[in-house]
2 protein chains.
Amino acid sequence: MAPLFHLRTVRQGSFLFHEGDPADRLYLVAEGEVKVLKHSLGGQEVILHLASHGDLIGGIAILGEQQYPATAQAQTDVRVASLTGQDFWQLMRTYPDMAANIITILLSRLRQAHETIHQMAFERVERRLARLLLRMVTRFGERTGEGVLINIVLTRHDLAAMTGTTLESASRVMSKWHKQGLVESRHRKILIRKPHGFVEIAEDLPGQSSSAGHNP
Amino acid sequence: MAPLFHLRTVRQGSFLFHEGDPADRLYLVAEGEVKVLKHSLGGQEVILHLASHGDLIGGIAILGEQQYPATAQAQTDVRVASLTGQDFWQLMRTYPDMAANIITILLSRLRQAHETIHQMAFERVERRLARLLLRMVTRFGERTGEGVLINIVLTRHDLAAMTGTTLESASRVMSKWHKQGLVESRHRKILIRKPHGFVEIAEDLPGQSSSAGHNP
DNA sequence: CGTCTCGTTGACGAAGCTCAAAATAAGTGG
DNA sequence: CCACTTATTTTGAGCTTCGTCAACGAGACG
């Protein structure tokens, strides 16, 4: 089993692979965060997935397709195991339980992707961002005296790329929320002061702020 | 093996399950087309996937989640095999090669979903529609004397739901293309007269029509 | 021939993208 | 610690795409 794997450390900001590269290997994330993204012609990006421990990246290599359809970049320092598509199948045959694991992972990812499509079709930027922050809170949130800190570096650019909008729009919304006392920025990280406020925005609860119903 | 499966025929328009239903079974499509969709509060819908022979529907049941996150509706008359999540795992254990199959299917689906997210983030309605039609051509296209017929019933509503836009916008674009002699409607089906025209729209080729470059 | 679904078209407005510029924060080397 | 450089964020103004509301036309079907 050992020889099939190839362990590697990737520094923050480095790329595991770029869209269009020959898809020869797939990666299992052991530690850290990897973002999977796609670029537009104009240089903007969408983040399709933020992978953590146990996640599969570049799975397309399993299919024997020619090229990676997306780019993978380390969001933090990362440790990964990489293997070829062939070795992957070998591994599945040897340890059938792993196949079950992979299926589970893929199903979750698919559900998440569908959720994103749904949101992009129907929900406006503000709400998409609110939902994103709530998800980030459950994944990276740490209680502090002042609120919940999302303990990962997230720039406005990242937020925009994760919600399918522009840097400017993301900034505007964050800035508005800051004025309302909902969030705070702390060294590139986001501090949520009133988690409940975001639930109100994400779902359609009244809250006590600004515009009430949108259903005239 | 036989007793694990439960074969069923579903008539066009009927539902396999609705979003929110208890997710007790998953389905393998034997014949016909099933659309997987989600509704907005306002009653609009997005089509997340159009499943054909060999496809997996309601896979979420495998995870043991409580509810289906989407709705599945027969686009044509359909034959499906259904089984419980438990039986699914049983099946995987008995026929490990099936696991490989499922992984392959899920990876393709995930790639497609990512492609959709990318398009919704960066591309405008017209181009999304053009790409959709090209995909439909490769899947359901049949050469005829007048062009390529997409041999499946697709209303403007369907087109809108598949591209994440509104019925009106889809209609406007189709109508414009009709005037340009690119498409024709034939009993709820779409006839593509100039496939190459769509490639020009989908990619960013000049063609000889309307607005040229958008990159000033 | 009436009814129903589907498609077309127009007018209007708003969300959010683009372009532009300035302000702030974060690093860096001395 | 300060001066300087670079990255990030904020904010404004104008404009475009697209969604919304509304009305009408056309085909299908009993």
Side-chain angles (χ1 to χ4, degrees), chain A residues 12-13 40-46 75 118-130 132 152-180 182-191 201 210-211 213-216, chain B residues 12-13 39-46 73 75 119-130 152-180 182-191 201 210-211 213-216:
Chain A
Q12 176 177 140
S40 74
L41 296 140
Q44 293 170 271
E45 63 181 57
V46 231
Q75 179 82 354
H118 177 251
Q119 282 181 31
M120 290 186 64
F122 298 129
E123 285 171 4
R124 298 184 299 169
V125 168
E126 181 169 357
R127 188 171 299 192
R128 299 209 298 270
L129 245 178
L132 172 66
I152 184 180
V153 169
L154 283 181
T155 65
R156 306 292 133 125
H157 177 258
D158 288 327
L159 295 179
M162 288 200 241
T163 48
T165 183
T166 57
L167 191 156
E168 292 93 328
S169 292
S171 176
R172 273 183 243 275
V173 174
M174 286 298 284
S175 174
K176 171 180 148 195
W177 285 341
H178 182 218
K179 280 166 191 154
Q180 296 177 358
L182 292 172
V183 295
E184 204 99 359
S185 287
R186 289 270 190 282
H187 300 280
R188 302 289 162 66
K189 296 182 178 177
I190 297 169
L191 175 72
I201 296 165
S210 57
S211 59
H214 57 55
N215 230 349
Chain B
Q12 177 177 137
H39 287 280
S40 73
L41 296 140
Q44 293 170 270
E45 63 182 55
V46 231
Q73 184 177 19
Q75 179 81 354
Q119 282 181 32
M120 291 186 64
F122 298 128
E123 285 171 5
R124 296 183 301 168
V125 168
E126 181 170 357
R127 187 170 299 191
R128 300 208 298 269
L129 244 179
I152 182 180
V153 171
L154 282 181
T155 64
R156 306 292 133 129
H157 178 258
D158 288 327
L159 295 179
M162 288 199 242
T163 48
T165 183
T166 57
L167 192 155
E168 291 94 328
S169 293
S171 177
R172 271 182 245 272
V173 174
M174 288 296 285
S175 176
K176 171 180 149 195
W177 286 340
H178 183 220
K179 280 166 191 154
Q180 296 177 357
L182 293 172
V183 294
E184 205 98 0
S185 286
R186 287 272 189 283
H187 302 282
R188 298 291 154 65
K189 295 181 180 179
I190 296 170
L191 175 72
I201 296 166
S210 55
S211 59
H214 55 56
N215 230 348

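Keep in mind that the numbers below use all heavy atoms, side chains included, and drop hydrogens, waters and symmetry copies. Within every chain, numbering begins at 1; the chains are lettered A, B, ... in the order of the sequence lines, protein sequences first and strands thereafter.
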Do the side chain of Thr165(B) and the main chain of Ser169(B) share a donor and acceptor less than 3.5 angstrom apart?
no
Output yes when a side-chain donor or acceptor of His118(A) lies under 3.5 Å from a complementary backbone atom of His39(B), and no otherwise.
yes
Can you see if the side chain of Ser175(A) gets near the phosphate of dT11(D) - specifically, an N or O under 4.0 Å from OP1 or OP2?
yes
Could you encode protein contacts along nucleotides 13-18 of chain D as a string, one character per nucleotide from 5' to 3', using B for base contact, S for sugar-phosphate-only contact and - for no contact, with a heavy-atom cut-off of under 4.0 Å?
B---SS
Here's a test of your reading of the structure: between Ala121(A) and Met174(A), which maps to the more 5' nucleotide of DNA chain D?
Met174(A)
Can you tell me if the side-chain N/O atoms of Arg188(A) get under 4.0 Å from OP1 or OP2 in dA26(C)?
no
Measure the distance from CD on Glu184(A) to P on dT9(D) and round it to the nearest whole Å.
15 Å
Under-4.0 Å salt bridge between Lys176(A) and Glu126(A)
yes
Kindly say whether Leu159(B) contributes a backbone atom to a donor-acceptor pair with the side chain of Thr163(B) at under 3.5 angstrom?
yes
Does the pair Val125(B) and Arg172(B) meet the rule for a side-chain contact (heavy atoms from CB on, under 4.5 Å), with working shown?
CA-CA 10 Å; Val125(B) 168; Arg172(B) 271 182 245 272; over 6 Å; no
On DNA chain C, more 5' by nearest nucleotide between Gln44(A) and Arg186(A) is Gln44(A)
Starting at the 5' end of DNA chain C, which residue's closest nucleotide do you reach first, Gly164(A) or His157(B)?
His157(B)
Across the strands shown, which category fits His187(B) at heavy-atom distances under 4.0 angstrom: base, sugar-phosphate, nothing?
sugar-phosphate
When you measure from the side chain of Arg128(A) to the backbone of Glu123(A), do you find a donor-acceptor pair of N or O atoms at a distance under 3.5 Å?
yes
Arg156(A) CZ to dA23(C) P: how many Å, rounded?
19 Å
